[in-house]
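The block underneath contains the structure these notes are about, expressed in structure tokens.
Remember, it's 1-based here, ligands and their atoms both numbered in the order they're listed.
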Amino acid sequence: MPVSGLIFNIQKFSIHDGPGIRTVVFFKGCPLSCSWCSNPESRDGQSCREARWYTPEETLKICLEDRLFYEETAGALPLSSPEYSGGGVTLSGGDALSQPQFALELLRTLRKEKIHTAIETSGYASREVFEEVSGAADLLLFDIKHYDNRRHTEGTGVSNDLILSNLKNAVARNKNVLARLPVIPGFSNSAEDARGFASLLESMKLKRVQLLPFHQFGEKKYELLGLPYTMKSVKQLHPEDLEEFRQVFLKQGIDCFL
Ligand code: SF4
């Protein structure tokens with residue numbers, strides 16, 4: 001029996017989830033519960049109106065429809081190179097690690113077709129799952145919600161111990177890692193937060209980071225799903241709001257972009 005994955009969206013022509021033009025496969029399921037989550041429909045791993053089961057082959061077929069667009073943005077570099085600027089497929093969610101067997105099968109199937117792959121993850125998974133799935137992807141888009149364990153637990157419902165340990169492990173294995181920081185007003189947007197994140201990245205020898213400014217794109221979904229939304233009155237952040245925050249990283253020699 002081929003393993004199937006519960007997917008709630010397959011989005012084409014994305015330019016925000018890894019290099020180049022990409023197809024993003026959104027997995028159901030996430031072990032965190034961030035109050036700012038813009039995909040609340042993804043969080044439980046249950047089947048629902050938005051989601052359906054896909055086999056890896058079926059998902060591959062959809063991804064292959066846009067192969068031309070992935071290649072259009074690709075250079076002559078190998079897929080695993082950090083400088084690779086071409087497109088491909090990103091497994092997101094939810095969390096790509098929440099359905100590890102399907103993620104693994106899909107990544108292997110895509111690799112056979114020489115399509116660049118990325119996984120978007122918070123890194124909260126057992127070491128075994130993390131190593132196996134991340135080992136099959138060309139790029140890890142690794143979201144760090146907070147460097148401070150207490151704040152991390154308050155904001156996401158889980159400790160960051162396992163997450164940071166997996167991040168360290170990915171760096172030690174020479175994986176191509178792009179650290180990403182969701183910048184959330186009142187949670188992770190102060191100058192002190194920027195300094196804390198910068199020293200964490202420095203201690204892990206991570207030389208580049210992407211900032212993800214808080215937005216309200218998910219607001220309507222909470223209404224539709226009948227879920228409480230506590231971030232309603234929080235203002236969205238724009239690139240100009242993050243300039244000072246960004247400078248903290250640049251001053252420490254970390255390439256920081258939005
Ligand atoms: S880790 Fe991402 S998908 Fe999971 S709850 Fe937080 S924001 Fe939502």
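Short contacts between ligand 1 and Cys30, defined as distances under 4.0 Å to a heavy atom of the residue, involve ligand atoms 1 (S), 3 (S), 4 (Fe), 5 (S). Below 4.0 Å from some heavy atom of Lys145 lie the following atoms of ligand 1, by number and element: 1 (S), 2 (Fe). Within ligand 1, the atoms closer than 4.0 Å to a non-hydrogen atom of Gly94 are 3 (S), numbered from 1 in the order shown. The Arg43 neighbourhood of ligand 1 comprises atoms 5 (S), with distances under 4.0 Å to a heavy atom of that residue. Close approach to Leu32 involves these atoms of ligand 1, each under 4.0 Å from a residue heavy atom: 1 (S), 5 (S).
Of the residues listed (Gln216, Lys221, Glu219, Glu223), the one engaging Tyr229 in a side chain to side chain donor-acceptor pair (under 3.5 Å) is Gln216, and it is the only one. Among Asp143, Asn160, Asp95, the one residue that satisfies the side chain to side chain donor-acceptor pair (under 3.5 Å) test with Ser122 is Asp95.
Checked against the 6.0 Å centroid criterion, the rings of His146 and Phe187 qualify as a close aromatic pair. Aromatic rings of Phe27 and Phe102 (six-membered ring for Trp) have centroids within the 6.0 Å cut-off, being under it.
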Kindly determine whether Leu178 and Arg208 satisfy side-chain contact (heavy atoms from CB on, under 4.5 Å), including the steps that lead there.
-> CA-CA 7 Å; Leu178 173 61; Arg208 57 183 186 142; 4.0 Å; yes
Determine, step by step, whether Ile119 and Leu97 satisfy the side-chain contact (heavy atoms from CB on, under 4.5 Å) criterion, reporting the C-alpha distance in whole Å, the side-chain angles of both residues, the deciding distance to 0.1 Å, and the verdict.
-> CA-CA 8 Å; Ile119 58 170; Leu97 301 180; 4.1 Å; yes
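When distances to atom 6 (Fe) of ligand 1 are checked against a cut-off of 2.8 Å, Cys34 contributes an N, O or S atom below that limit. At a cut-off of 2.8 Å, Cys37 coordinates atom 8 (Fe) of ligand 1 through an N, O or S atom.
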